[in-house]
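Take a look at the structure below.
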Amino acid sequence: MTIDEANQLAVKRILDSQPILVGIAPAAEMIPGMRRNLILHAGPPITWDRMSGPLRGAVIGGLIFEGLATDESGAVRLVEQKHVQFAPCHHHGAVGPMAGVTTASMPVYVIENRAFGTRAYSNLNEGYGKVLRYGAYGEEVLARLRWLRDVYAPIMGKALERSGGLDMKSLIAQQIQMGDEGHNRNKAGTALFARLLAPHLARTGTRTDDLAAVLTYLAENDLAVLNPVMAACKASMDAAHGIAGSTVVTCMARNGTEFGIRVSGLPDAWFTAPAEIPVGLFFPGFTQDDANPDIGDSTITETAGIGAFAMAAAPAIVKFVGGTPSMAVESTLEMYEITVAENPAFGIPQLDFRGTPTGIDIRKVVRTGITPRVNTGIAHRKAGVGQIGAGLVRPPMACFERAVEAFAATLA
Amino acid sequence: MADLVDAVANGNSLSETAGRINGGEKPARPGTWVLMVIRSVVKPSAYFDSVTLMLVQREVRQLPDVEEAGAVMGTDANKELLRDAGLLTSEAQAARPDDLILAVRAGSGEVAFAALRTAETLLVQRRETAATGTYRPKTVASAVRMLPGANLALISVPGRFAAGVARDALAAGLHVMLFSDNVTLDAEIELKQTATARGLLMMGPDCGTAIIGGTGLGFANRVRRGTIGIVGAAGTGIQEVASLVHRGGAGISHAIGTGGRDVSRAVGGLTALVGLTALAADPGTEVVVLISKPPASEVAGRLLGAARHLRKPVVINFVGASVANDGPLHGAHTLEEAASQAVTLVTGAPPHWPEWEALPAQEAGRLAPTQKFMRGLYSGGTLCYEALILLQRYVGPVYSNTPLDPDYALESATRSRAHTVIDMGSDEFTVGRLHPMLDPELRHRRLLREADDPEVAVILLDVVLGHGAHPDPARDLAPVIRQARERARRDGRWLPVVVSVCGTDEDPQGYEAQVAALLDAGATVQASNARAVRLAGLIAEAAGSKGSPRPPLAIPVPSQPQSLPDATHVLQLLSGPPRVINVGLELFAESLITQGAETLMVDWHPPAGGKQKFIDLLDKLDA
C-alpha cells in the first residue's frame with residue numbers, strides 16, 4: 001500500500017465514522033484504565049515540574065475534588081511524593097478542553113462510533129468564569145463540578161438514554177450551516193443540543209428546580225456542546241489511527257507547555273515542540289502578556305476538519321481572522337492545501353457546500369510550509385484566573401518536521 | 001533567457017558595479033573619504049520572485065545618494081553575493097532561505113532607511129496589484145480546483161524546484177510550459193516521458209516563448225492569428241520567425257516551444273514530435289515551421305521522418321545546417337528565409353519587409369584606418385547563434401562567450417578581441433541580474449566600451465520586443481547609441497551601429513516607434529537579424545576582413561516514416577485560448593491577464609521553506 005493509499009484509507013475511516021452520543025457515566029466506570037490516583041490531562045505527556053500554571057491549578061482542583069487532598073499544599077505534597085500519576089486524555093480514548101483534567105469520579109460523555117464499535121469520552125463543560133479547565137479550584141469551582149456530577153450528569157444521562165443516542169455527525173453538520181465552526185463558536189450547536197434533548201429531559205421525572213437548572217445551564221453556556229463535539233471528533237480520528245503507512249495526523253493537542261501531534265502510521269509516537277502563545281482578542285483588563293502558551297485537547301476539532309478549518313462557515317467570529325468574511329473564507333481555503341480529503345457530511349454554505357478540509361497530511365504541511373490553523377480560547381498564565389480571550393494559533397512546524405523525519409526513518 | 005529564473009536563488013553579482021565604487025565613471029577626488037553606511041531589514045517568511053526583487057533592487061539603486069542595494073531571498077548563495085557586494089549585515093547573515101533581505105549602502109543613515117522603506121513600499125505595491133483580492137492558491141493542485149477548465153501550467157520557479165512543480169502540474173492533467181532552466185537532463189526526460197504517456201504537451205525546460213491559441217506565453221510577441229504553425233527548440237528563433245511572419249502580412253496559428261535540449265540524443269525530440277503531430281492535425285494550421293539549432297543526427301532523422309508525413313508543407317531551419325527541399329519539406333538557411341517561405345506558401349507571394357537604405361561600401365569608406373573589427377552584443381540566444389553562423393562567410397571565425405568553435409572562446413566574456421559576438425543573456429551576465437531583454441544596463445555600458453575601442457568598425461545589436469521584455473528598450477538604447485557614435489566622432493571615427501528589432505506593431509512597445517527612435521539616434525536598422533548580420537559582415541569585409549565560408553552541415557531526410565504520438569489532448573489545448581495556472585514570475589501572469597487569458601497565479605513558496613534536508617525527506621516519502 002502506498003502512502004497515498006494508506007491516507008485514503010485513513011480518511012475513509014474518518015468520513016465513515018458515525019459518532020453517537022449515547023450517555024454520561026463516571027470516568028472510573030467508562031474509561032479503560034481509569035483509577036482514583038490517575039489524573040488525565042490535555043496534550044502530550046508531561047511531568048508536574050514542567051506543567052504551566054493553568055494545568056497545575058486544574059490538577060490541584062482535581063485532587064481536592066476527588067477528596068485526595070483538602071487544600072493546595074496537600075495536593076502539591078501528594079504530587080511531589082509521587083502518589084499521583086498523570087496521563088494524556090488521548091491515551092485513554094478521551095479529550096478535554098484547556099487543562100483537560102479528568103478524574104475518576106467526574107462524569108464523562110460517552111460517544112460510540114457505530115461504524116467501528118469504538119468509544120471516546122470527554123468531561124463536561126463547566127461554563128464561563130472561574131472554572132477548573134483554566135486552573136481555578138476555589139469553592140465555587142468545586143461546587144459547580146459537584147453540581148455537574150450530582151445533578152446534571154444523571155438527568156442528562158437519562159435523557160440521552162431515552163433519546164436512543166444523539167447523532168453528533170448530523171448535529172455538527174447542522175451547526176456548521178448555522179454559523180458555528182465547532183470550536184470557538186458552538187452557539188448554534190448548543191441550541192440544537194438543547195432542543196433535541198428538551199423533550200427527553202422533560203420526561204426524566206426530574207424536580208422542576210433541577211430541570212430548570214439544567215435548562216438554564218444549556219441556555220447560558222454556549223460551549224455546552226463543545227465537549228461532546230470534541231469526543232465525536234476523537235472517536236472519528238481514533239478510527240483512522242494506526243494505519244500502517246499513513247501520514248495523516250490523527251491528533252493535535254497541547255498541554256500548556258508543548259504542542260504535540262500524533263500520526264496514523266506511527267501510532268505510539270508524539271511529535272512535540274514548545275507551544276506557541278496564541279494571538280487574539282482579549283477581555284477588558286488583559287493583554288497578550290497575560291496569555292499562557294497554547295493549551296487543550298480542543299484542537300481535535302481542527303484535526304477532524306472543523307474548528308478553524310471550517311472558519312468560512314462562521315462569519316460571526318471573523319474578528320479572530322482579521323475582520324472580514326472573505327478572510328474567513330481564505331482561512332478555510334488555505335487548509336485544503338494541507339489535507340487529503342473533503343468531508344461531504346460537513347458542507348460549508350459559503351463555499352457552495354464544499355466539504356470541510358479533512359485529514360491533515362504531514363507531508364503537505366512540511367512541503368507547503370502551511371501549518372494548520374487553530375481557533376482557541378486563551379488561558380491566563382496564572383492558575384485560576386481563567387479565560388482571558390480567544391484567538392488563533394498554529395502548531396510549531398517542528399512537530400511536523402519531526403514526524404516527517406521519523407516517517408522517513410521507517411522507510412530506511 | 002531562463003537564467004532569469006535562477007537568479008532568484010542568487011542575488012546580486014556586482015563585478016560591474018564594484019568598478020563604479022572603485023572609481024569608474026565618477027572617480028572620487030583623491031584624498032576624499034566618503035563615509036558609507038549599510039542598513040538592512042529582514043522580513044521573515046516573505047517570498048518574492050526574482051524579477052520582482054530585481055526590479056525593486058534596480059529602482060532602489062537609482063535613488064539619489066544610494067550606492068548599492070540588494071533585495072534577495074536569504075539563501076546561502078545570496079548571502080555570499082551580499083557579502084561580495086559589501087551589503088551583508090549580521091542581521092542579513094542570520095536570515096533563513098524563506099526570509100526576504102533588503103539591504104542598502106548609502107551616504108547617510110537617513111538615506112539608507114528611506115531607501116529601505118521605498119523598497120518595502122514597492123514590494124507591497126507589486127503584491128497588491130498582483131493579488132486579485134481573493135484567495136491565492138499555494139499549490140498547483142488547489143489552483144486547478146479554483147480555475148475550472150485550467151489546461152496549462154506556466155512554470156518559472158527557480159530550477160531546482162521546477163521539476164517538482166511540473167510533476168504536480170502533469171499529475172493534475174495540465175499541459176506544461178516550463179520556462180525555468182537548470183532542470184536536470186534526467187528530470188527533463190522523466191517529465192517528457194510522463195507527459196507523452198498522458199498525451200500532454202511538455203514545453204521546456206528552458207522554454208522561453210510559446211503562442212497557444214493566440215495567447216503569448218513567457219517572452220512572446222503579439223502577432224496576428226493566421227495559419228502558420230511553429231515548432232521551435234530555440235526561443236528567440238521562434239520570436240524572430242513569428243514577428244517576421246506578422247510583419248510579412250500573414251499570421252501564426254500556434255508556436256510550440258520545446259526547450260533547446262529537446263533535440264538532443266538523450267531527450268530524442270519527444271516534445272517536437274508531439275508538436276509536429278498536433279500542428280499536422282490542427283485544422284487552423286496550413287504550414288508548419290520547424291526551428292532548431294542543429295539536432296543530434298538521429299533526432300534530426302526522426303523529426304524529418306515525421307515532418308515528411310504531416311500532409312502539410314513543413315519549412316525547416318536548423319540554424320547553421322541545411323536541409324534539402326524534398327516533397328513537402330522546404331529547407332531554409334536563415335530564420336528570415338523560414339518566415340519568408342512560410343508566408344509565400346500561405347499567401348502565394350513572398351513577403352515584403354520594409355528596408356532602410358544602407359550601403360556597406362559607403363559605410364566602410366567612412367571608417368578610419370584603425371577600424372577593422374565587428375562587435376555583436378546580443379540579448380537573444382538564437383539570434384546570437386545565427387549571427388555566429390552567418391558571419392563566417394564575411395569575416396571568418398568569430399570570438400564569443402558561446403563560440404561555434406571552442407578555439408574561439410573568449411578568455412573573459414567582458415573583454416572582446418578581433419571579431420567578437422557576445423550572448424549577453426548567458427550565465428556570466430545574468431547571475432543576480434535580470435536578463436538583458438529586461439535590464440539592458442550592462443549591454444549599454446559594454447556598447448560604450450566597444451565604441452571607445454579604435455579597432456571597432458561596426459557594432460551589431462538585437463532589440464527584442466514583446467511581452468516579458470523591457471517596456472521601452474529604444475528609449476534607453478537610443479541615447480546610448482547616440483553617445484557611442486558621438487564619442488567615436490570626437491575621436492575622429494565613424495561608427496556604424498546596425499540593429500535588428502524583433503517585434504511587431506501590436507507589441508506593447510510598438511515596432512514602428514522603436515525603429516524610429518533607433519533611426520533617429522543614428523542607428524542603421526534592418527528588417528531581420530539575418531540582414532543586420534549581413535550588413536555588419538559586409539562592412540567588416542569592406543574594412544579588410546576575409547571570410548572563410550564553411551559548407552553548412554547537410555542533414556539528410558530519411559525515407560522511413562516516423563510513427564507519430566497521440567496528440568488528441570494537445571489538439572484540445574490548441575482549440576481555444578489557454579486557461580493558465582502561473583507558478584513563478586508574476587510578470588507572466590500580468591502579461592496573460594493583459595491578453596485576456598484566464599489566469600490564476602499560484603502564491604508559490606519554495607517547498608519546505610527551501611530546507612534541502614526536508615525536501616529530500618519528502619521526495620523519499622513521495623517516491
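Fair warning: this is a prediction, and the values are worked out from it, not measured in the lab. Worth knowing before you read on, the calculation uses all heavy atoms, side chains too, and leaves out hydrogens, waters and symmetry mates. Reminder, nothing fancy here: chain letters follow the sequence lines and each chain counts from 1.
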Problem set entry | Which portion of I3(A) sits near chain B, non-hydrogen atoms under 4.5 angstrom | side chain

For this session: Please flag which part of Y336(A) lies under 4.5 Å from any non-hydrogen atom of chain B: side chain, backbone, both or neither.
Result: neither

Exercise. Is E330(A) salt-bridged to R136(B), cutoff N-O under 4.0 Å?
Worked result: no

Problem set entry | Check ion pair E401(A)-K613(B) (N to O, under 4.0 angstrom) | no

For this session: Please name all residues satisfying ring pair (Phe, Tyr, Trp, His ring centres under 6.0 Å) with F161(B), sequence neighbours left out, ordered by chain then number.
Result: W604(B)

Problem set entry | Between CD1 on residue I338(A) and NZ on residue K138(B), distance to nearest 0.5 Å |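 Nearest 0.5 Å value for the CD1-NZ distance: 11.0 Å.
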
Exercise. What's the spacing between S142(B) OG and M335(A) CE if we round to 0.5 Å?
Worked result: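 Rounded to the nearest 0.5 Å, the OG-CE separation comes to 11.0 Å.
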
Exercise. Please, which pairs that meet salt bridge (charged side-chain N to carboxylate O under 4.0 Å, His left out) have at least one residue in residues 143-158 of chain B, sequence neighbours excluded?
Worked result: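 Of all non-adjacent pairs touching residues 143-158 of chain B, those that pass salt bridge (charged side-chain N to carboxylate O under 4.0 Å, His left out) are E342(A)-R145(B).
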
Exercise. Any sub-3.5 Å donor-acceptor pair from E337(A)'s side-chain atoms to P137(B)'s backbone N or O?
Worked result: no

Exercise. What's the shortest heavy-atom distance between Y135(B) and E334(A), and which atoms?
Worked result: OH-CA, 3.1 Å

Exercise. For R13(A), what residues pass the salt bridge (Lys or Arg N to Asp or Glu O under 4.0 Å) criterion, not counting sequence neighbours?
Worked result: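 For R13(A) there are no salt bridge (Lys or Arg N to Asp or Glu O under 4.0 Å) partners, ignoring immediate neighbours.
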
Problem set entry | Side-chain touch E405(A)/F614(B), heavy atoms, less than 4.5 angstrom | yes

Problem set entry | Sorted by number, residues from residues 615-623 of chain B in contact with chain A (heavy atoms, under 4.5 Å) | L617(B), L618(B), D619(B), K620(B), L621(B), D622(B)

